[in-house]
Amino acid sequence: MTKPIGKVVILGGGTAGWMTAALLAKVLVAPERPLAIELVESEDIGIIGVGEATIPPIQQVNAVLGIDEAEFLRETKATIKLGIRFENWGALGDAYYHTFGAAGRNLAFCPFHHIWTRARQLAIKGSYWDFDLNYLCAKAGRFAPTTGNDPIWDMPYAYHFDSALYGQFLRRYSEKRGVLRRQGMVRDVERDAETGDVIALLMDDGRRIVGDLFIDCSGSRGVLIQQHLNTGYEDWGHWLPCDRAMAVPSQRFAETLPFTRAIAHGAGWQWQIPLQHRNGNGLVYSSRHYSDEDAARVLLANLDSPALDDPRIIRFRTGRSRRQWNRNVVAIGLSSGFLEPLESTSIYLIQSAITRLIHLFPHRGNTAPLIAEYNRQSQVEMELIRDFIILHYHANQRDDSAFWRDLRHMEVPERLARKIALFAANGTLMQDQHDIFMEPSWVQVLMGQGILPADYHPLANGPSEAELRQQLAGLAQLKARPLAQLPTHDEYLQRQLSKSA
Ligand SMILES: Cc1cc2nc3c(=O)[nH]c(=O)nc-3n(C[C@H](O)[C@H](O)[C@H](O)COP(=O)(O)OP(=O)(O)OC[C@H]3O[C@@H](n4cnc5c(N)ncnc54)[C@H](O)[C@@H]3O)c2cc1C
């Protein structure tokens, strides 16, 4: 591809399509850098309509777009998310949180979990999470952004939002900034006979939509990247056997939880996502272990509020497109691959793909090195998240079903096996480049799933035992200090919503 890019065509108007449109329009388009952006979507096909829990980098999207939080909360019926509560994962009856926060206070070269491991070995009482403000607030149902000058009180947070409302919100934003929306069904594609590049989308009413760069946001169909370019798909089902989800909305609770729940069952797990006007619920399951009737029974029996609709089934295939960028087509969103929503990473992957595209945008064409770098980063990033998700399944002590036993005994990717072994030996974690999950996330999930380090770094031996007891007691108090001043999550939402009304 050597032609300068004057026009981008986005196929798909789900979260991926409208996020791409909004960010490209905001960042790349300027009077001195004209770039036409057109988005094509089919109302007959519609959107997947799930994807409602996010992770903190979503704040950067709002910041770049200049979106005010109060408006965002009102328009998307969003709530605050401080982390995820995992129930029945390590062992039946267990629960732990993977919060967005960091526990305790690190020493130079000695992360807090080493200090805590020493304390555990000395039988000093107290959970690792007692030192995590996100956890304390999630448990107490309290929230307001913390603005302490000490990073010890940082409380990273994300949102749960209504995915259909989010798409509409970004559509209004994009159209105001010049993005042209075309409604209709893409029936075929016209390609350059010499280069194989896509030249135009051919609509079923005869329209021909030409472009220089095409972004495939057509969802799991992968209309351009798979159906027309036959890029190929790498299947990860042998590590992550769940291949279906059943989703159902239910009535909201009187009190809105500031966290997602992920509850493991016999052959899958259930999500509960609290929104302002309803709860989003669903069961992710393996169709080899649960029939759809089993799944419906498990899901409906475990709803905490009355269902508002019939459950609907969504089929998926875990894995990734062999290339996310092929010729002049970049796949973003479900067309680029799928990882189950256990750690709410798909919307983040969309954000990251767009950010990467902006960095590597082929303004003047001639893109081979850009494409190679884009594909390299996309692959590493997705594999690292895949490994993190596998960890939740693999590190289990459940004996109640073949599903969990098989996952415990399976061979995991080599990089993950190394990570687990190193942490189990002496609590060491090495940060991988492009891993969105930092040390505190890995520590929480490893320990939450029952992998406790056998040893700790000798730097944690600084204080005497008596000093350590005193320091930890003081630290727990210090961490919890903001709690009493914070409003409840519902009070915070009301405060924000009344601001924007
Ligand atoms: C069960 C489940 C739960 C999930 N939960 C989460 C979560 O909690 N957090 C998270 O981050 N992610 C989650 N995800 C992922 C998330 O839903 C998606 O990443 C996100 O919605 C983006 O989807 P999309 O825009 O790629 O595809 P879609 O929403 O499917 O949009 C595809 C678009 O392409 C259009 N289209 C397709 N073919 C054509 C055609 N031929 N002509 C014209 N238009 C066409 C459609 O009309 C539509 O507009 C979940 C996914 C599943 C399956």
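First listed ligand is number 1; within each ligand, the first listed atom is number 1.
Heavy atoms of G184 come nearer than 4.0 angstrom to ligand 1 in at least one pair. In this structure, S163 falls outside the shell of residues with a heavy atom less than 4.0 angstrom from ligand 1. Under a 4.0 Å heavy-atom criterion, W271 is in contact with ligand 1. At least one heavy atom of C217 sits closer than 4.0 Å to an atom of ligand 1. In this structure, T54 falls outside the shell of residues with a heavy atom less than 4.0 angstrom from ligand 1. Ligand 1 lies out of reach of L201, whose nearest heavy atom is not under 4.0 Å from it. Not a single heavy atom of A247 lies less than 4.0 angstrom from ligand 1.
Scanning both residues, H289 and S286, for their nearest heavy atoms gives ND1-OG, 2.7 Å. The minimum heavy-atom distance between S321 and T231, with the atom names listed, is OG-CG2, 3.6 Å.
Residue-ligand proximity, S344 to ligand 1, at heavy-atom distances under 4.0 Å covers atoms 9 (N), 11 (O). Of all atoms in ligand 1, numbered sequentially from 1 with element shown, those under 4.0 Å from a heavy atom of E52 are 7 (C), 8 (O). Interface of A245 with ligand 1, defined as ligand atoms under 4.0 Å from a residue heavy atom, comprises 1 (C). Remark: ligand 1 atoms within the under-4.0 Å shell around heavy atoms of A53 are 7 (C), 8 (O), 9 (N), 10 (C), 11 (O). Residue I350 has at least one heavy-atom neighbour below 4.0 Å for each of these atoms of ligand 1: 19 (O), 22 (C). Atoms of ligand 1 lying under 4.0 Å from at least one heavy atom of A16, given by number and element, are 22 (C), 24 (P), 25 (O), 26 (O). Near V186, meaning under 4.0 Å from any of its heavy atoms, are these atoms of ligand 1: 40 (C), 41 (N), 42 (N), 43 (C). Near I47, meaning under 4.0 Å from one of its heavy atoms, ligand 1 places the atoms 29 (O), 49 (O).
With hydrogens and angles disregarded, a donor-acceptor distance shorter than 3.5 Å links the side chain of Q276 to the backbone of L73.
The aromatic rings of F316 and F338 sit tilted relative to each other, their planes meeting at an angle between 30° and 60°. Between F86 and H98, the two ring planes are parallel [angle under 30°; tilted spans 30° to 60°]. Below 30°, between 30° and 60°, or above 60°: for F161 and Y166 the angle between ring planes is below 30°, a parallel geometry.
The ring pair (Phe, Tyr, Trp, His ring centres under 6.0 Å) with Y393 is formed by just one residue from the set W239, W269, W89; it is W89.
Aromatic rings of F72 and Y159 (six-membered ring for Trp) have centroids within the 6.0 Å cut-off, being under it.
Polar contact check, I347 against ligand 1: a nitrogen or oxygen pair lies under 3.5 Å apart.
Nearest non-hydrogen protein atom to atom 3 (C) of ligand 1 is P341 CG, 3.4 Å.
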